[in-house]
Amino acid sequence: MRLTFCRWLLLTASALLCANVAAGELQLLADENPPLSFTDGMQAKGLAVDVVREIQRRVGDDTLIEFQPWARGYRTVSTQANVGLFAMARTPERETLFQWLGPVSASKASFYGKRGSGLRINNLDDAKAVERIMVVRDFYTHRLLERLGFTNLELVPKPETMVKMALNDRAPLMFTSSATLPDMLDKAGANPGDLELVYTVTSIQTYVAFSLVRPGIWLRSGRRHWTP
């Protein structure tokens with residue numbers, strides 16, 4: 001699957017290199033979101049980082065990947081020119097706000113509960129009847145459930161906080177991506193078997209999102225423009 005995504009991205013990026021109209025330097029942003037993007041010492045690593053760097057290699061770009069907290073990076077790509085942020089979930093609310101290059105990953109957004117709780121969810125109405133559902137504030141999972149009409153959300157600051165709260169019976173359900181769940185468990189000091197999947201809501205794809213402030217993205221090579 002990763003190889004297919006990478007090939008698709010490379011073809012798309014090549015097709016989108018056009019027009020010799022300078023539009024300023026490119027800024028590439030990512031957040032700490034293992035396994036897609038994370039820092040190991042001073043090195044940027046992750047599945048999405050690998051894809052972006054391969055595209056950079058093919059087009060001759062040497063822009064450094066800068067890590068910022070998600071809220072700050074989202075604000076930057078929303079308000080400044082020539083900024084790319086990854087890996088961003090492509091949702092209906094965001095569709096017209098950015099230029100999209102991808103996908104770079106795919107996962108499922110699901111409800112998880114403490115193993116052995118006996119909670120059963122067969123549809124969204126069942127989930128809306130649950131006392132509380134934990135979700136990370138301002139993540140796409142938060143916005144998705146809001147759009148679906150959920151009013152029983154408990155907002156938490158960090159993904160691993162949800163795991164700890166779920167295992168301590170603070171709330172019956174948490175909502176997150178299957179791609180980031182293993183890292184959340186690790187940071188919370190939990191085991192994969194401590195939680196169980198209760199119900200899957202949708203599949204999610206993540207992309208490199210580029211700002212719409214300007215139509216062009218200048219590559220530092222000085223010869224090409226990346227304009228997704």
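- By the 4.5 Å heavy-atom criterion applied to side chains, S105 and L47 are not counted as neighbours.
- A 4.5 Å side-chain heavy-atom check between F175 and L144 finds at least one atom pair inside the cut-off.
- The shortest non-hydrogen separation linking L36 to T206 is CD1-OG1, 4.2 Å.
- Side-chain contact between V104 and F86 is absent, with no heavy-atom pair separated by less than 4.5 Å.
- Here the CD1-CZ distance, from I65 to R53, works out to 5.0 Å after rounding to the nearest 0.5 Å.
- Follow the hydrophobic side-chain contacts under 4.5 Å out from V136 and you never reach L148; the two are in separate clusters.
- When the side chains of ILVMFWY residues are joined at heavy-atom separations under 4.5 Å, either directly or via intervening members, M134 and L181 end up in a single hydrophobic cluster.
- The CE atom of M88 sits 13.0 Å away from atom CG of L101, with the distance rounded to the nearest 0.5 Å.
- From Q99, atom CD reaches atom CG of L212 across 5.0 Å, with rounding to the nearest 0.5 Å.
- A pairwise comparison of heavy atoms in P172 and V130 identifies CG-CG1, 3.2 Å as the closest pair.
- Side-chain contact between R143 and D138: present, with at least one pair of heavy atoms (C-beta onward) separated by less than 4.5 Å.
- A donor-acceptor pair is defined here as one N or O able to donate and one able to accept, closer than 3.5 Å; such a pair exists between the side chain of S37 and the backbone of D31.
- L173 and V156 are not part of a single hydrophobic cluster, where members link through side-chain heavy atoms under 4.5 Å apart.
- Under a hydrophobic clustering in which Ile, Leu, Val, Met, Phe, Trp and Tyr are joined whenever their side-chain heavy atoms come within less than 4.5 Å, directly or via other members, M162 and F111 fall into different clusters.
- Between Q80 and S211, the side chains place no donor N or O within less than 3.5 Å of an acceptor N or O (distance only, hydrogens not considered).
- Panel note: side chain S178, backbone K108; a donor-acceptor pair is recorded below 3.5 Å.
- The hydrophobic cluster containing Y140, built from Ile/Leu/Val/Met/Phe/Trp/Tyr side-chain heavy atoms closer than 4.5 Å, also comprises I204.
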Could you go through residues 185-201 and list every donor-acceptor pair under 3.5 Å that involves a side-chain atom there, pairing it with any protein atom two or more places apart or in another chain?
unit_1 : atom_1 : unit_2 : atom_2 : d
K187   : NZ     : D183   : OD2    : 3.4
D194   : OD2    : N191   : N      : 2.7
T200   : OG1    : S110   : OG     : 2.8

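- At a threshold of 4.5 Å between side-chain heavy atoms, the hydrophobic network of Ile, Leu, Val, Met, Phe, Trp and Tyr places L119 and L124 in one connected group.
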For this session: Take H142 and L153, measure what side chain to side chain contact (heavy atoms under 4.5 Å, CB included) needs, and give me the verdict at the end.
Result: CA-CA 8 Å; H142 172 198; L153 304 181; 4.1 Å; yes
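- Put simply, CG on L97 and CZ on F210 are 16.0 Å apart, with the number rounded to the nearest 0.5 Å.
- Shown here is R147, whose CZ atom has more than 12 heavy atoms of other residues, nucleotides or ligands within 6.0 Å.
- To the nearest 0.5 Å, atoms CG (L26) and CG (L64) are separated by 10.5 Å.
- Between M174 and the options E154, M184, M165, K114, a side-chain contact (heavy atoms from CB on, under 4.5 Å) holds for only M184.
- Taking all atoms of both residues into account, the shortest heavy-atom contact from P35 to A179 is CD-O, 2.9 Å.
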For this session: Give the intermediate values and the outcome of side chain to side chain contact (heavy atoms under 4.5 Å, CB included) for residues T76 and Q68.
Result: CA-CA 10 Å; T76 301; Q68 294 185 359; 3.6 Å; yes
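- In this structure, E32 contributes its side chain and T39 its backbone to a donor-acceptor pair below 3.5 Å.
- For T141 and T176, the side-chain atoms include no donor-acceptor pair closer than 3.5 Å.
- Between Y74 and F139, the ring center distance fails the sub-6.0 Å criterion.
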For this session: Give the intermediate values and the outcome of side chain to side chain contact (heavy atoms under 4.5 Å, CB included) for residues R94 and W100.
Result: CA-CA 10 Å; R94 295 170 174 171; W100 301 95; 3.8 Å; yes
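- Under the 4.5 Å side-chain criterion, counting only non-hydrogen atoms from C-beta, L85 is in contact with W70.
- Cation-pi geometry between K45 and F38 is not met at under 6.0 angstrom from the ring centre and within 45 degrees of the axis.
- The CD1 atom of I133 sits 7.0 Å away from the CD1 atom of I121 when rounded to the nearest 0.5 Å.
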